Trainee: 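First the structure, then my questions, so here it is.
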Amino acid sequence: MINFPHEFQLDAKDCGPACIKIIAKYYGRFYSLPFLRDLCGITREGVSFLDLSDACEAISLRTKSVKVDFSVLQTIPLPCIVHWQESHFIVVYKITQKQVYVSDPAKGLCKYSYESFQEDWLKESKVGAVLAIEPMADFKQRSISDKLERRKTLENFLGYFTPYKKSFVNLFVVMLIVTLLQAFLPFISKSVIDVGIQTNDLDFIDLVLIANITIIVSILLSNMIRDWILLHLTSRINISLISDYLIKLMKLPITFFENKLIGDILQRAQDHERIRDFIMNNSLNFIFSILTFFIFGIILFVYSPVLCLIYLIGSTLFIGWVVFFLKFRKKLDWEYFDVHTKNQSYWVETIGSIQDIKINNYEKQKRWKWEALQVQLFKIDQKILRITNAQNLGAQFINQLTNLMITFYSAKAVIKGDITFGVMISTQFIIGMLNGPIMQFISFVQSAQYAKISFLRLNEIHELEEEEENETNNSIKLPEDKSLLLRNVSFQYSRNSPYILTNISILIPEGKVTAIVGDSGSGKTTLLKLILRLYKPTHGELSMGNLNIQNVNLKQWRASCGAVMQDGKIFSDTIQNNIVLDDENIDYARLKKAVMVANIAAEIEAMPKGYQTMMGENGRGLSGGQKQRVLIARALYKDPDYLFFDEATNSLDVINEQKIVTALEEIFKNKTVIVVAHRLSTIRKADQIIVLKNGFISEIGNHDMLMTKEGGHYYELVKTQTGDTVNG
Ligand SMILES: Nc1ncnc2c1ncn2[C@@H]1O[C@H](COP(=O)(O)OP(=O)(O)OP(=O)(O)O)[C@@H](O)[C@H]1O
């Protein structure tokens with residue numbers, strides 16, 4: 001089987017879904033990678049065999065997960081998925097007498113000897129993990145084909161270039177002028193020798209010199225104009241590409257960011273750069289290279305068909321040689337992208353966690369891990385360099401040989417009188433001009449390969465479902481009753497992970513304070529995030545009055561919510577902008593009130609630049625408690641209808657907390673408030689307390705009611721906090 005299907009993984013953790021895609025493709029069906037990724041319930045840690053098996057079954061591929069030795073593997077129906085090097089999945093599609101053939105999402109189609117395969121598959125153990133897969137009768141096509149999806153993205157992508165049609169036409173004209181002007185140069189050198197020198201006509205040579213200078217100056221000027229147009233075009237297109245990427249990113253659900261490595265996200269910003277570069281530089285130059293090639297090829301043919309033939313044979317060999325190396329480069333390019341992404345994530349993580357690295361003396365181990373990645377990168381770089389060297393050396397050799405043959409042949413032809421000396425000299429010039437496009441071809445092919453990888457990765461982002469697909473529902477009038485109602489809401493973070501919340505049915509009354517309490521890990525924050533619509537319930541429904549909350553425009557909803565989350569972030573901006581966020585329309589009275597209630601006013605005013613004091617990245621310069629109070633001020637300044645506090649005062653000292661809690665009582669009036677807190681002081685006065693236990697609701701009521709249930713969960717929580725004095 002020569003053409004077993006193959007798919008490259010687009011992300012470091014994509015190997016599992018990519019394997020399923022390969023196998024589905026083998027059975028003649030198309031499934032997009034994002035769809036399969038979703039089925040697998042991929043997380044930042046990747047997927048497990050169980051996730052893969054569940055995803056396969058969901059698309060009617062029957063699976064059986066077994067641990068077997070190599071002799072048994074040979075009897076399993078192929079293709080199957082095997083666990084590779086304890087950290088990767090690959091598809092095994094053929095086992096011959098001597099070799100094992102695999103389709104590796106990270107590398108492409110490869111083959112291994114029995115020994116090296118077993119080494120990576122079994123590692124230290126005697127048996128290795130295999131997922132045997134067979135299609136069921138109802139194994140069906142799900143959606144449109146890969147090609148159609150890609151075409152759609154390509155059309156979108158080309159849409160960035162259409163507004164600049166006029167500039168492209170100008171560019172085309174300028175480049176055409178350059179190419180045509182260059183076409184005069186061989187005729188000029190020919191006439192200098194054949195007419196000027198032969199007839200000793202000095203005036204003619206002067207004239208030709210002036211003509212030559214004029215042409216060269218015109219070419220330089222045209223090139224200058226071309227570069228200017230290109231710069232102008234490139235920067236504009238670049239800005240729209242990157243800002244649209246950012247807009248798209250901002251519209252993606254939070255799960256996207258939780259499940260992706262930072263390196264992957266950063267890499268994609270560079271992917272735009274690569275595609276733009278390919279289109280603006282390589283492809284445009286390539287088009288004109290073809291034109292130059294044809295024009296000078298024709299001139300060469302007119303001068304001497306034999307010389308033209310020699311050149312064509314040489315060029316065909318040259319191109320054949322370059323193309324021969326393509327498939328080797330392709331595999332390496334993917335490997336390079338993969339390791340490069342990991343490397344980028346590693347940098348971001350290391351710098352972000354430098355405090356913990358230092359406290360735990362973790363520098364050396366961290367550096368060793370980084371070095372291991374560098375070794376991987378270095379090895380790939382080395383391989384790429386080796387291939388590039390071999391490719392270039394061979395190409396240059398063919399090229400030089402062709403030039404030599406042409407010089408040799410034309411020298412002989414001059415002696416024989418078949419061509420003039422002028423033709424020989426201008427032939428050299430033509431060959432020089434023809435070599436440019438050939439070199440351009442190599443660079444075109446190489447950057448096309450990079451651009452293709454980048455394109456596939458971007459395609460995936462543009463295909464992703466946004467947090468809110470239908471933004472047209474913003475005209476919906478909100479119901480009179482703004483209570484929130486959760487009906488049988490259950491939630492799991494990914495498809496195969498355990499349920500964090502199960503069957504939650506609660507009413508959060510409008511204008512009242514609801515507190516959520518429970519042990520650490522019981523799902524309080526998750527519940528809050530569900531209500532904030534950062535996640536969608538896996539089952540069940542969330543409504544405002546009698547309107548399903550999905551029908552409320554997300555922006556409108558978030559505008560009416562103020563939240564202080566446990567991991568709230570301070571931006572590196574002034575303290576004032578951190579509170580108001582929109583620095584164009586500041587309501588100073590509201591700002592004053594917010595900082596007073598949050599009990600941070602005095603501290604801000606005591607700062608050297610007051611409200612204009614710049615915050616370091618993530619609030620450097622503020623204590624934990626100050627950060628929390630700035631976040632509270634931010635939520636209050638918004639003056640929202642709904643307020644969400646997730647352990648918003650846990651970093652504060654008792655006095656500060658008490659002051660804020662008292663001040664908040666006034667603010668809470670007529671607002672719908674949900675407070676998650678461990679400390680009793682903040683929840684005792686809540687109108688309703690919801691007690692969560694392992695994702696289930698264990699009790700609901702107010703403090704006094706719940707305290708009557710001796711032995712109840714809330715009663716026990718209070719008891720552990722206050723000792724035995726549970727009556728207050
Ligand atoms: N992004 C995530 N992906 C997967 N699992 C998560 C994620 N966030 C939280 N969890 C899991 O969900 C469970 C509930 O977490 P949650 O943060 O909601 O608990 P909590 O009650 O707020 O805890 P705490 O009082 O410690 O803040 C935990 O077991 C946690 O491991």
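All values reported here derive from a predicted model rather than from experimental measurement. In each ligand, atom 1 is the first atom listed, and ligand 1 is the first ligand listed. Hydrogens, waters and symmetry mates play no part in the numbers below; they use all other heavy atoms, side chains included.
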Trainee: Check whether any side-chain heavy atom of Leu246 lies under 4.5 Å from a side-chain heavy atom of Met250, and answer yes or no.
Mentor: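 Of all side-chain heavy-atom pairs linking Met250 with Leu246, at least one is under 4.5 Å.
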
Trainee: Tell me every residue that passes side-chain contact (heavy atoms from CB on, under 4.5 Å) with Asp639, counting only those two or more places apart in sequence or in another chain.
Mentor: Arg590, Lys671

Trainee: Would you say the side chains of Asp104 and His88 form a donor-acceptor pair under 3.5 Å?
Mentor: yes

Trainee: Kindly tell me which protein residues have any non-hydrogen atom under 4.0 angstrom away from an atom of ligand 1, grouped by chain and ordered by number?
Mentor: Glu258, Tyr493, Ile500, Asp519, Ser520, Gly521, Ser522, Gly523, Lys524, Thr525, Thr526, Tyr535, Gln566, His678

Trainee: I want to check a possible cation-pi pair here: Lys251 against Phe256, using under 6.0 Å from ring centre and within 45° of the ring axis as the test.
Mentor: no

Trainee: Between Thr538 and Gln492 (side chain of the first, backbone of the second, donor and acceptor by atom type, cut-off under 3.5 Å), is there such a pair?
Mentor: yes

Trainee: Do the non-hydrogen side-chain atoms of Phe35 and Ile59 ever get within less than 4.5 Å of each other?
Mentor: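 Answer yes - side chains close enough.
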
